[in-house]
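Notes to accompany the following structure.
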Protein chains: 2
Amino acid sequence: MATLKDVAFLAQVHPSTVSRVLRCSENLPISAETRQRIMAAAIELDYHPDQRARALRLGKSNTIGLIIPDISNPFFADIAQSIEQECHKAGYMLMVCVSNEDQEKEINFVNNLTSRGIDGLIIAPVQDSYAHLVRLKKKNYPFVLIDRCFEEFETNAVISDNEASAFDAMEHLVKLGHRRIAFLSGRPTIYTIRKRLAGYLHAVNVYDLDRTPELISNGGFTFEQGYKECLKILSLPEPPSALLVSGNQITFGALRAIVETGLKIPEDISLIGFTDSIVTPFLVSPLTAITHPLRDMGARAFALLLQHMNAKERLPFSRIVVETKMLPGASTAPINEKMIA
Amino acid sequence: MATLKDVAFLAQVHPSTVSRVLRCSENLPISAETRQRIMAAAIELDYHPDQRARALRLGKSNTIGLIIPDISNPFFADIAQSIEQECHKAGYMLMVCVSNEDQEKEINFVNNLTSRGIDGLIIAPVQDSYAHLVRLKKKNYPFVLIDRCFEEFETNAVISDNEASAFDAMEHLVKLGHRRIAFLSGRPTIYTIRKRLAGYLHAVNVYDLDRTPELISNGGFTFEQGYKECLKILSLPEPPSALLVSGNQITFGALRAIVETGLKIPEDISLIGFTDSIVTPFLVSPLTAITHPLRDMGARAFALLLQHMNAKERLPFSRIVVETKMLPGASTAPINEKMIA
DNA sequence: GATGAGAGTGCAATCGTTTGCTTAAAAATA
DNA sequence: TATTTTTAAGCAAACGATTGCACTCTCATC
């Protein structure tokens with residue numbers, strides 16, 4: 001790797017001169033001849049400034065970090081994609097880290113990224129703890145939470161109206177005559193899950209629905225876990241007539257369980273999923289889905305972060321709430337008589 | 001951010017002593033009392049070594065870079081996920097960059113990452129050019145290509161047997177009686193596409209199939225492009241009785257076109273897709289899919305990279321070929337009479 | 001009672017850039 | 001011609017961590 005010194009030597013000038021020529025475009029007192037010589041040398045040696053030295057000296061790396069729990073989940077992959085594009089537009093690099101829902105790993109990433117001189121951080125936190133984020137806040141390090149946040153801990157965040165959308169989905173099912181509706185989700189320590197569960201319970205209360213505890217299941221986020229939990233629910237003595245599933249991978253797992261059990265959607269069971277996959281319209285039964293404006297979420301998180309990174313003084317925190325949208329499918333139908341029996 | 005100096009000051013020792021105490025665990029000549037004092041100070045100040053300074057001094061960053069064309073494509077997202085996990089196991093950080101199939105962007109990423117002191121690089125190249133990779137090779141910078149490689153340019157690579165798998169898929173269709181088979185894919189500048197096309201053409205020759213040029217389409221990689229290209233093909237005066245589609249997103253786009261056109265799979269048209277999505281079994285018609293051992297590909301690419309990064313002397317290049325697998329679905333069927341009419 | 005061996009620390013250079021300050025020559029002004 | 005200004009380029013410190021070398025002690029050994 002060619003260094004400034006190498007270029008300087010080749011051009012027969014001092015390294016500082018090379019630096020100046022390469023950095024400052026206009027009104028630099030330099031002879032055309034020398035500039036020419038330096039440029040030629042830089043190209044000749046395929047010189048690229050060492051970013052770590054630069055970051056060290058400048059205290060700025062033009063890089064931000066993104067920590068997400070799972071990149072093979074299209075939900076986070078799409079968010080990552082949009083953040084990456086915004087970064088690129090703004091001249092930033094993006095460092096993507098995957099916590100795999102492991103709190104320990106997330107903490108390590110935060111430490112590692114900050115000590116790399118990352119300028120800011122966007123995090124979809126695991127939410128088993130947040131002491132590391134409190135430290136970040138204390139150091140006045142700019143960061144934005146995405147999709148998940150802490151009620152009791154004030155930070156920047158871009159989230160969606162989980163509770164309302166779960167309630168709406170329930171209402172939709174209730175209007176079709178369903179009174180025994182199961183709720184399938186990941187860990188309830190997570191903000192989105194808690195909120196959706198709250199929306200579910202709210203609907204259960206308002207419409208006085210069946211409250212068998214077995215109808216609520218929080219097994220985990222994966223395809224496999226969704227599959228197993230759904231099988232369990234379907235084999236209840238009195239299985240539900242409808243299912244509200246929270247999460248991309250879980251929904252597909254549930255789908256597998258339903259297909260394997262031989263049930264037809266929506267004739268035998270109705271299904272609404274919190275899912276943002278492009279394939280929902282082409283599933284065995286085109287899925288009624290609650291979708292997020294993922295690109296918008298990513299873009300707004302980055303814009304908010306940028307604002308805080310560029311701020312001279314401490315800005316007040318923002319909590320941006322985006323609206324989900326129910327994508328109508330064909331996976332929900334009025335309850336039929338045999339279900340009740 | 002606390003520095004070594006801050007810790008040293010608090011512990012009343014020289015920075016170098018702090019560094020030694022924090023780095024070298026065993027047999028360091030240091031009094032227990034001093035060590036104690038230093039440790040306490042480090043914790044008190046929440047000290048984390050500055051990685052850019054460290055990387056600068058050590059010439060090693062314990063970070064590798066991954067450049068992929070599209071992260072919202074599960075194919076690359078899964079590869080990224082597995083590489084990330086391997087990295088983590090080996091104590092490396094992963095920096096993920098998304099080229100969005102833009103050669104310019106890829107070149108920038110390569111320059112930027114290498115000048116960040118990244119220890120190695122895994123790339124799924126855009127393949128419009130490779131001069132930047134030649135430079136990398138010249139500088140003896142360790143890198144591994146994944147999924148796509150260059151026939152005429154020797155490098156490390158982990159790829160799959162694209163040609164054979166396309167041929168096998170075609171053979172499968174031919175045995176069902178299909179003779180008019182369309183091939184839908186992304187840009188033919190890309191290795192995988194070229195190879196799959198070669199497999200397709202080979203089958204066309206061996207079995208003397210219909211060679212109407214309109215049956216071959218290379219519109220692009222996206223869902224939208226797959227949709228449009230497929231519509232075009234379906235509206236041919238003599239539409240094909242079967243479709244071989246190359247790529248995740250394109251396959252779903254084609255699916256949309258088929259569904260919208262009102263055709264039934266496999267009664268009206270057979271479909272085989274190169275796709276690695278977990279949802280293929282639950283589509284309108286459970287899809288016959290050619291799948292890749294994605295986790296394995298990622299793991300092997302990382303292992304190969306690690307080997308080259310740790311090598312004292314120049315190693316010979318490896319080209320690892322993994323086998324694809326045809327996942328049987330229900331989207332292919334024997335040709336029926338009305339198709340031929 | 002020198003000499004030598006270790007134990008316990010500090011010093012200073014280094015990695016590659018950047019930038020305020022200085023110097024030196026040339027040009028402009030008095 | 002003497003002085004100031006402008007132009008052009010070099011010097012050196014700094015960012016934070018690491019490490020070979022050197023230094024000062026304290027013991028034990030010959």
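This is a predicted model, so every value here is computed, not measured. Quick note on labels: first sequence line is chain A, next is B, and so on, each numbered from 1.
Residue B:Arg57 places no side-chain N or O under 4.0 Å from the OP1 or OP2 atom of D:dT19. Residue A:Ser16 places no side-chain N or O under 4.0 Å from the OP1 or OP2 atom of D:dA9. OP1 and OP2 of C:dG16 both lie 4.0 Å or more from every side-chain N or O belonging to A:Tyr47. Using a 4.0 Å cut-off, no side-chain N or O of B:Thr3 falls inside it from OP1 or OP2 of D:dG16. Close to C:dT9, at under 4.0 Å from its OP1 or OP2, lies a side-chain N or O of B:Thr34. Within the structure, every side-chain polar atom (N or O) of A:Ser31 is placed at least 4.0 Å from both OP1 and OP2 of D:dA8.
A salt bridge is absent between B:Asp50 and B:Arg54; no separation between the charged side-chain nitrogens and carboxylate oxygens falls under 4.0 Å.
Between A:Tyr92 and A:Phe302, the angle of the ring planes goes over 60°, which puts this pair in the perpendicular group of the 30/60° scheme.
The residue B:Val13 sits close only to the backbone: its heavy atoms come under 4.0 Å of sugar-phosphate atoms, none of a base. Using a 4.0 Å heavy-atom distance criterion, A:Ile30 is classed as a sugar-phosphate-only contact.
Of the N and O atoms on the side chains of B:Thr34 and B:Ser31, at least one donor lies less than 3.5 Å from an acceptor on the other residue. Donor-acceptor pairing under 3.5 Å is recorded for the side chains of A:Asp70 and B:Gln81.
Taking only distance into account, the side chain of B:Arg20 meets the base of C:dG10 through a donor-acceptor pair shorter than 3.5 Å.
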